[in-house]
Amino acid sequence: MISHIDHIVLTVTDVEQSVAFYKRVLQMNDIVFANDRRALRFGNQKINLQLLGEEKRNNAAVGSGDLCLITEWPIQDVIQHLKNEEIEILEGPILKSGATGQITSVYFTDPDRNLVEVSTYSA
């Protein structure tokens, strides 16, 4: 029935700060959509950003996100890039179980304390 994830939504305290972070740290593309909302596109997916209370049918809280993002970069290149961007790595590299096999992951948080996991599949 389900083939893939189209988008997810993160509730943030400052949309501009989040856009800047994801563009700088994860090299995502900033887009504007319906009613001047903001999102970050990568591959065939996007992360929509919303302020707390902006979406009435969503009961999310700031900082409750937990994302696992897959990269084709070698994990050591990811680690070096995060260090260059002065991002504190909370954990990793560590072996984990991904959707289709074993992944190697590093963890850090965004400005709203959402947990971000960047992973690469084992060759």
Side-chain angles (χ1 to χ4, degrees):
M1 184 173 127
I2 305 299
S3 66
H4 62 279
I5 293 173
D6 182 81
H7 70 278
I8 60 170
V9 180
L10 287 180
T11 303
V12 300
T13 56
D14 183 326
V15 171
E16 292 302 324
Q17 178 183 32
S18 294
V19 167
F21 177 86
Y22 282 91
K23 285 176 65 175
R24 176 177 63 86
V25 176
L26 296 174
Q27 302 180 351
M28 293 180 178
N29 297 310
D30 175 23
I31 63 171
V32 178
F33 66 106
N35 298 319
D36 292 324
R37 292 214 32 219
R38 302 289 287 283
L40 299 144
R41 182 176 287 148
F42 57 100
N44 294 322
Q45 299 84 38
K46 67 177 181 160
I47 298 173
N48 293 349
L49 301 173
Q50 69 177 8
L51 297 173
L52 187 62
E54 185 174 18
E55 177 57 67
K56 302 303 181 205
R57 63 181 174 237
N58 185 335
N59 295 317
V62 172
S64 63
D66 186 340
L67 312 173
C68 179
L69 304 169
I70 302 300
T71 183
E72 293 180 357
W73 287 17
I75 201 68
Q76 290 305 322
D77 290 355
V78 171
I79 292 167
Q80 187 59 53
H81 175 72
L82 294 173
K83 287 181 180 178
N84 292 346
E85 295 297 332
E86 300 180 355
I87 302 299
E88 178 186 0
I89 295 172
L90 301 175
E91 186 178 11
I94 186 170
L95 294 177
K96 301 295 276 185
S97 177
T100 63
Q102 188 174 43
I103 54 177
T104 302
S105 303
V106 293
Y107 292 84
F108 56 95
T109 57
D110 74 3
D112 288 294
R113 309 284 306 148
N114 292 299
L115 186 63
V116 180
E117 175 183 0
V118 175
S119 306
T120 184
Y121 273 92
S122 304

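The model shown is predicted, which means the values in this text are computed figures rather than measured ones.
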_Restricting to side-chain contact (heavy atoms from CB on, under 4.5 Å), what partner residues turn up for Thr71, sequence neighbours left out?_
Trp73, Val78, Val118, Thr120
*Compare all side-chain heavy atoms of Thr11 with those of Ser64 and state whether any distance is below 4.5 angstrom.*
no
_Distance in Å, Ile103 CD1 paired with Ser122 OG, rounded so as to fall on 0.5 Å steps_ = 8.5 Å
*Do Thr13 and Leu52 come close enough that some side-chain heavy atom pair is under 4.5 Å?*
no
*Any side-chain heavy atom of Gln102 within less than 4.5 Å of one from Leu95?*
yes
*What distance do Asn84 atom CG and Ile79 atom CD1 have between them, rounded to the nearest 0.5 Å?*
12.0 Å
*Please report the shortest heavy-atom distance between His81 and Val25, naming the atom on each side.*
NE2-O, 2.8 Å
*Which atom of Pro93 lies closest to which atom of Thr104, heavy atoms considered*: CB-CG2, 3.8 Å
*Closest approach of Asn48 to Ala39 (non-hydrogen atoms, all atoms of both residues)*: OD1-CB, 3.4 Å
*Each residue besides Phe33 in its hydrophobic cluster should be listed here, by chain and number; the cluster joins Ile, Leu, Val, Met, Phe, Trp and Tyr at side-chain heavy-atom distances under 4.5 Å.*
none
*Taking only residues two or more places apart in sequence or in another chain, which ones pass side-chain contact (heavy atoms from CB on, under 4.5 Å) with Gln45?*
Phe42
*Would a 4.5 Å heavy-atom cut-off, applied to side chains only, mark Phe21 and Asp14 as touching?*
no
_So, applying side-chain contact (heavy atoms from CB on, under 4.5 Å) with Leu67, which one of Asn114, Ile47, Asp110, Leu26 is it?_
Ile47
*Test item: Tyr121 side-chain N/O and Thr100 main-chain N/O as donor-acceptor pair under 3.5 Å*: yes
*For residues 84-106, pull every pair meeting salt bridge (Lys or Arg N to Asp or Glu O under 4.0 Å), keeping only residues two or more places apart or in separate chains.*
Arg24-Glu85
_With a 4.5 Å cut-off on side-chain heavy-atom distances among I, L, V, M, F, W and Y, is there a chain of contacts connecting Leu10 to Ile70?_
no
*Taking a hydrophobic cluster as the set of Ile, Leu, Val, Met, Phe, Trp and Tyr residues connected by side-chain heavy atoms closer than 4.5 Å, whether directly or through intermediates, do Ile5 and Leu69 fall within one such cluster?*
yes
*Could you grab the distance from atom CD1 of Ile89 to atom OG1 of Thr109, nearest 0.5 Å is fine?*
11.5 Å
*Would you mind listing every salt bridge (Lys or Arg N to Asp or Glu O under 4.0 Å) that reaches into residues 31-49, with sequence neighbours excluded?*
Glu16-Arg38, Asp30-Arg38
*asked:* Hydrophobic clusters here meaning ILVMFWY residues chained together by side-chain heavy-atom distances under 4.5 Å, can you tell me if Val15 and Val116 are in one?
replied: yes
*Who else is in Tyr107's hydrophobic cluster (ILVMFWY, side-chain heavy atoms under 4.5 Å, direct or via others)?*
Leu90, Ile94, Leu115
*asked:* According to a hydrophobic-cluster definition based on side-chain heavy atoms being under 4.5 Å apart (Ile, Leu, Val, Met, Phe, Trp, Tyr only), do Val9 and Val62 belong together?
replied: no
